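As the structure is a prediction and not an experimental result, all values here were calculated from the model. All values below come from the heavy atoms of this structure, side chains included, with hydrogens, waters and symmetry mates left out.
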Amino acid sequence: MSTTTPSGTPATSPTFVNGAVSFWFREGGIPARRPALPGDLDVDVALVGGGYTALWTAYYLKQAQPDLRIAVLEKEFAGFGASGRNGGWLSAEPPGQMRRYAKSHGREPAVALQREMFSSVDEVIRVAAEEGIEADIQKDGLLHVATNAAQERRLREGLPPLRAEGWGEDDLVELDADQLAERVRVAGARYAQWSPHCARIQPAKLVRGLADVVERMGVAIYEGTEVTEIRPREAVTPHGTVKATYVIRALEGFTAGLRGHRRVWLPMNSSMIVTEPLPASAWDEIGWRGAELIGDEANSYCYIQRTTDGRIAIGGRGIPYMFGSHVDQRGETRAATQLQLQAILRQHFPATEGVGIDHTWSGVLGVPRDWCATVHLDERTGLGWAGGYVGHGVTTTNLAGRTLRDLILRQKTDLTRLPWVDRKVRGWEPEPLRWLGVRSLYVAYRAADRHENSGLERTSVIARVANVISGR
């Protein structure tokens, strides 16, 4: 347990770590790097980035056509980005604004995308079991929790549109305060919605296990190999040029670092803290026996997991964006952000008072201008991509991998007809407009949350205006 700390200082544990990629890599340690690209190479498929998207794509391609020559090109090591830093939600949350997919393609294709998200949760669980990937997976669902009147109204009013988008009575269940308390006691909670389509995972274990599996299948993974430029049928690195029939960009939040891609997807920063293991008395007070994932309904939002070793991991937006779409490779988190997350933790679970923070880290996710993920393959140039998952990528990467498989193998399937395939999205505004806009929006969301916590009955006007401007 931690000791009392000075005002303005996070209550850290004696073993506190800031950065070091993430807490998830702490158990097994940072993996030893695989060899870098030894020189020029010719392959059938080059996958740029070593996260879930690339690895799932490689997995399904090798299953479908074992003789394919596939290379994964990763600047650091497999799982260094969002795949090894996320909140551990294997959820069916849609990778974007479903109303926009419906507007461009119709309601039925949008519903089909949502139903594919439901089944993709189980597909990841199936593959992990079949391939012997031990990733602490437990499917106890997801709780969206309202802790004030405005949040409750937002959740209730959002339910009919979700029903129209494919969320049936069994896919999203309403809970009153007493029913919620039977699962977990969140201070001040007054209403919740529970979905069974979510499982707790340990992200680093999943990405490391998947990398090992595809390597055994014959996929070449080159680490310490930064791709500096993508050209038609070529990926350029300092170690050599990889020529390929298809070059797939799978960099998510790191896309902006690639030449010519600074305004494609905005790298949104998200930070997490994880506590020391909680004592039994704290768990008795909280009453959280299962592995449900928890998200609050605040405008600034947080996401929460109970880990297998009895900790609470909680994340949210700290400093959401850095000027010029830059990212902090080290993943360190500012003290002010740690304090914000610690305050949310104490607010939701007062029993954690006195429990120290053991690790904090940050990472980036990719956000398109319309907040809708896309999958694309251009047969003429051989260039493709998948991403822009807006924070819902753990499950979506699996669906993206299977969709890219079908596109690369030139198969017309239900997956290639989904509305996120070949979706056109405009780029983000140039600087300094991009920086000013994002920073101002998140100041607005935090102000809206303060107003709603003071007793507003509906979503703050500030938040509604911010949503229109941001495109959320």
| task | For D296 and R154, run salt bridge (charged side-chain N to carboxylate O under 4.0 Å, His left out): C-alpha distance rounded to whole Å, both residues' side-chain angles, the deciding distance at 0.1 Å, then the answer. | result | CA-CA 11 Å; D296 71 5; R154 196 152 54 237; over 6 Å; no
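Among all heavy-atom pairs drawn from G295 and Y301, the shortest one is CA-OH, 4.1 Å. When all heavy atoms of A36 and G224 are compared, the closest pair comes out as CB-O, 4.0 Å. For G315 against M272, the heavy-atom pair with the smallest separation is CA-CG, 3.8 Å. Of all the heavy atoms in R115 and G166, the pair that sits closest is NH1-O, 2.5 Å. When all heavy atoms of E229 and L258 are compared, the pair lying nearest together is N-CD1, 4.0 Å. Closest approach of P10 to A335, counting heavy atoms only: CG-O, 4.0 Å.
Two residues are said to be in side-chain contact when any heavy atoms from C-beta on lie closer than 4.5 Å; D171 and H197 meet this criterion. V184 has its side chain within reach of I286: a pair of non-hydrogen atoms, C-beta onward, lies under 4.5 Å apart. Between H348 and I304 the shortest side-chain heavy-atom distance falls below 4.5 Å. Here the side chains of E131 and Y59 are in contact, with some heavy-atom distance below 4.5 Å.
The pair R99-E165 fails the salt-bridge criterion, with no side-chain N (NZ, NE, NH1 or NH2) lying under 4.0 Å from an Asp/Glu carboxylate O. Ionic pairing of R262 and E431 is not present here: no N-O contact between side-chain nitrogen and carboxylate oxygen is shorter than 4.0 angstrom. Taking 4.0 Å as the cut-off between side-chain N and carboxylate O, R183 and D140 do not count as a salt-bridged pair. Salt-bridge check for E76 with R33: passed, with a basic side-chain N closer than 4.0 Å to an acidic carboxylate O.
Both tests pass for R369 against the ring of W428: distance under 6.0 Å to the centre and angle within 45° of the axis. Under the 6.0 Å distance and 45° angle rule, R200 does not count as a cation-pi partner of W288.
Residues Y52 and Y389 keep their aromatic ring centres 6.0 Å or farther apart.
For the residue pair E297 and Y191, no side-chain donor N or O sits within less than 3.5 Å of a side-chain acceptor on the partner. At a cut-off of 3.5 Å, with distance as the only test, no side-chain donor of R402 or T413 sits close to an acceptor on the other residue. Side-chain polar atoms of D406 and Y60 form no donor-acceptor pair below 3.5 angstrom.
Atom CH2 of W56 is separated from atom CD of E123 by 7.0 Å, given to the nearest 0.5 angstrom. Interatomic distance, S119 OG to L399 CG, rounded to the nearest 0.5 Å: 7.5 Å.
At least one donor-acceptor pair under 3.5 Å links the side chain of R85 to the backbone N or O of S362.
For the pairing with T237, the side-chain contact (heavy atoms from CB on, under 4.5 Å) check across T228, V48, T225 returns one residue only, T225.
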